[in-house]
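To start, the structure itself, in structure tokens.
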Amino acid sequence: MVVERARGESQSMSGSLQSLCWGSSACGGIVSSYFSGSLVEVYGVRSVFGVTALLPLITSAVSLLVKEEPVHGPARGLSLGNGFFESSKNSIIQLWGAVKQPNVFLPTLFIFLFQATPQSGSATFFFITNKLGFTPEFLGRLKLVTSVASLIGVALYNGFLKKVPLRKIFLVTTIIGSALGMTQVLLVTGLNRKFGISDEWFSIGDSLILSVLGQAFFMPVLVLAARICPLGMEATFFATLMSIANGGGTLGGLLGAGLTHILGVTKDKFDNLALLIIICNVSSLLPLPLLGLLPRDEPDSDENTDIEMTPY
């Protein structure tokens with residue numbers, strides 16, 4: 001629905017629509033995140049799973065309020081076709097025809113490669129739970145902080161960055177994110193305590209800063225994905241792009257797991273965790289030479305709000 005609304009709009013308007021969508025998601029995260037840890041401690045895991053299984057039914061009820069116009073023309077013919085398999089075949093052909101266009105394929109490739117860099121999140125989670133002894137209740141507080149930070153990141157993007165060219169946003173946020181990500185080394189090595197900062201407060205501050213930056217970085221990905229979707233197949237194409245991005249994230253997790261194994265980091269042994277964090281943060285800079293794959297955006301102006309997009 002956001003993609004359809006963004007059709008033909010400027011980068012600024014498309015950014016505002018994505019900000020509204022993901023800002024609402026962050027607000028929901030703020031409401032639920034703190035209580036998640038507390039409920040686990042008080043009622044147990046099974047009860048929390050029951051609650052989280054029930055809540056999506058509310059979304060189903062709200063969906064009945066959505067007004068949607070029937071699709072007419074070629075797109076409707078492709079969706080109905082002469083049977084399910086024929087319709088699916090035509091949809092796949094149309095999807096591939098859209099994906100293989102250079103102005104779509106190259107940005108999609110960049111998004112995949114950007115998401116596919118190694119990650120150390122799982123090893124860090126075991127460190128803060130098994131080594132530092134963070135409780136579920138505190139992890140709930142930490143999740144609350146990251147949800148608030150995500151909302152701040154959305155506001156930061158919507159207020160200051162939505163008119164900035166995508167290449168510049170990717171470049172700056174990646175470099176800053178890589179540098180700030182190194183602060184986790186302080187937590188792993190215990191240097192934060194030498195500066196009089198407890199592990200809990202350091203984790204809260206670190207999560208706040210990195211989550212703001214991460215959300216500010218993720219918003220241009222969504223805007224880019226929405227803007228390169230071809231007419232008539234927005235839902236399928238956007239879902240495909242997000243699947244590709246998630247596939248890149250999965251590959252990044254697998255590469256991180258491989259590095260974790262090679263460095264001998266386990267749920268109880270963290271001697272090389274600092275080195276793992278450094279390698280993962282430095283590797284996030286590797287896709288930067290590929291920024292030329294992104295479309296060149298012209299800044300928004302009052303006279304002309306349409307963006308001319310070219311692959312180079």
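Note: hydrogens, waters and symmetry copies are ignored here, and every other heavy atom, side chains too, is used. None of the values given here were measured: they were computed from a predicted structure.
A donor-acceptor pair is defined here as one N or O able to donate and one able to accept, closer than 3.5 Å; such a pair exists between the side chain of S198 and the backbone of W201. Under the 3.5 Å distance criterion, the side-chain polar atoms of S147 are matched with a main-chain donor or acceptor of K143. Remark: the backbone N or O of L285 is not paired with any side-chain donor or acceptor of T174 at under 3.5 angstrom.
Residues L142 and I204 form a side-chain contact, since some pair of their non-hydrogen atoms from C-beta on lies under 4.5 Å apart. Between I111 and I244, every side-chain heavy-atom pair lies at or beyond the 4.5 Å cut-off.
Hydrophobic clustering (ILVMFWY, side-chain heavy atoms < 4.5 Å, transitive): L288 and V164 are in one cluster. Linking ILVMFWY residues whenever their side-chain heavy atoms come closer than 4.5 Å, directly or via other members, places F170 and M242 in the same cluster. There is a path of hydrophobic side-chain contacts, each under 4.5 Å, that joins F138 to L132. Linking ILVMFWY residues whenever their side-chain heavy atoms come closer than 4.5 Å, directly or via other members, places F110 and L171 in the same cluster. Placement of I152 and L20 in two distinct hydrophobic clusters is found when ILVMFWY residues are connected by side-chain heavy-atom separations under 4.5 Å, directly or transitively.
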Using the side-chain contact (heavy atoms from CB on, under 4.5 Å) rule, take Y157 and I169 through it: C-alpha gap first, then chi angles, then the decisive distance, then the call.
CA-CA 10 Å; Y157 174 81; I169 296 178; 4.0 Å; yes

Report the C-alpha separation of I277 and T124 in whole Å, then their side-chain angles, then the decisive distance to 0.1 Å, and conclude whether the side-chain contact (heavy atoms from CB on, under 4.5 Å) test is met.
CA-CA 9 Å; I277 293 173; T124 304; 4.3 Å; yes

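Sorted pairs that involve residues 13-26 and meet salt bridge (charged side-chain N to carboxylate O under 4.0 Å, His left out), not counting sequence neighbours, are lacking altogether. Legend: ring pair (Phe, Tyr, Trp, His ring centres under 6.0 Å) pairs involving residues 175-197, not counting sequence neighbours: none detected. Within the structure, the salt bridge (charged side-chain N to carboxylate O under 4.0 Å, His left out) test picks out the following pairs touching residues 178-198 (sequence neighbours left out): R193-D199.
F112 is linked by a ring-ring contact (aromatic ring centres under 6.0 Å, His included) to nothing, counting only residues two or more places apart in sequence or in another chain. Partners of V172 according to the side-chain contact (heavy atoms from CB on, under 4.5 Å) rule, which considers only residues two or more places apart in sequence or in another chain, are K168, I176. In this structure L186 satisfies the side-chain contact (heavy atoms from CB on, under 4.5 Å) test together with L191, F202, sequence neighbours excluded. Applying the side-chain hydrogen bond (donor to acceptor under 3.5 Å, both in side chains) test to N272 and every residue at least two apart in sequence or in another chain returns nothing. Residues meeting the side-chain hydrogen bond (donor to acceptor under 3.5 Å, both in side chains) test with T183, sequence neighbours left out: D206. Applying the side-chain contact (heavy atoms from CB on, under 4.5 Å) test to F126 and every residue at least two apart in sequence or in another chain returns N130, K267, F270. With sequence neighbours left out, S122 forms a side-chain contact (heavy atoms from CB on, under 4.5 Å) with no residue at all.
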Just distance, no hydrogens or angles: give the donor-acceptor pairs under 3.5 Å from side chains in residues 48-57, sequence neighbours left out.
from, atom 1, to, atom 2, distance (Å)
T52, OG1, V48, O, 3.1
T52, OG1, F49, O, 2.9

Give every donor-acceptor pair under 3.5 Å between a side-chain atom in residues 250-262 and any protein atom, sequence neighbours left out.
from, atom 1, to, atom 2, distance (Å)
T250, OG1, N246, O, 3.0
T260, OG1, G256, O, 2.7

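Here CE of M182 is found 4.5 Å from CG of N281. Values are rounded to the nearest 0.5 Å. With rounding to the nearest 0.5 angstrom, the OG1 atom of T108 is 11.0 Å from the CG atom of L113. Here the SG atom belonging to C280 is positioned 9.5 Å from the CG atom belonging to L275, to the nearest 0.5 angstrom. With rounding to the nearest 0.5 Å, the separation of OG in S150 from CG in L156 is 12.0 Å. Atom CG of L276 is separated from atom CD of Q184 by 10.0 Å, given to the nearest 0.5 angstrom. Annotation: the span from I279 atom CD1 to S284 atom OG amounts to 12.5 Å, rounded to 0.5 Å.
Among all heavy-atom pairs drawn from A149 and V212, the shortest one is O-CG2, 3.4 Å. Shown here for L151 and G23, the closest heavy-atom pair between the two residues is CD1-O, 3.6 Å.
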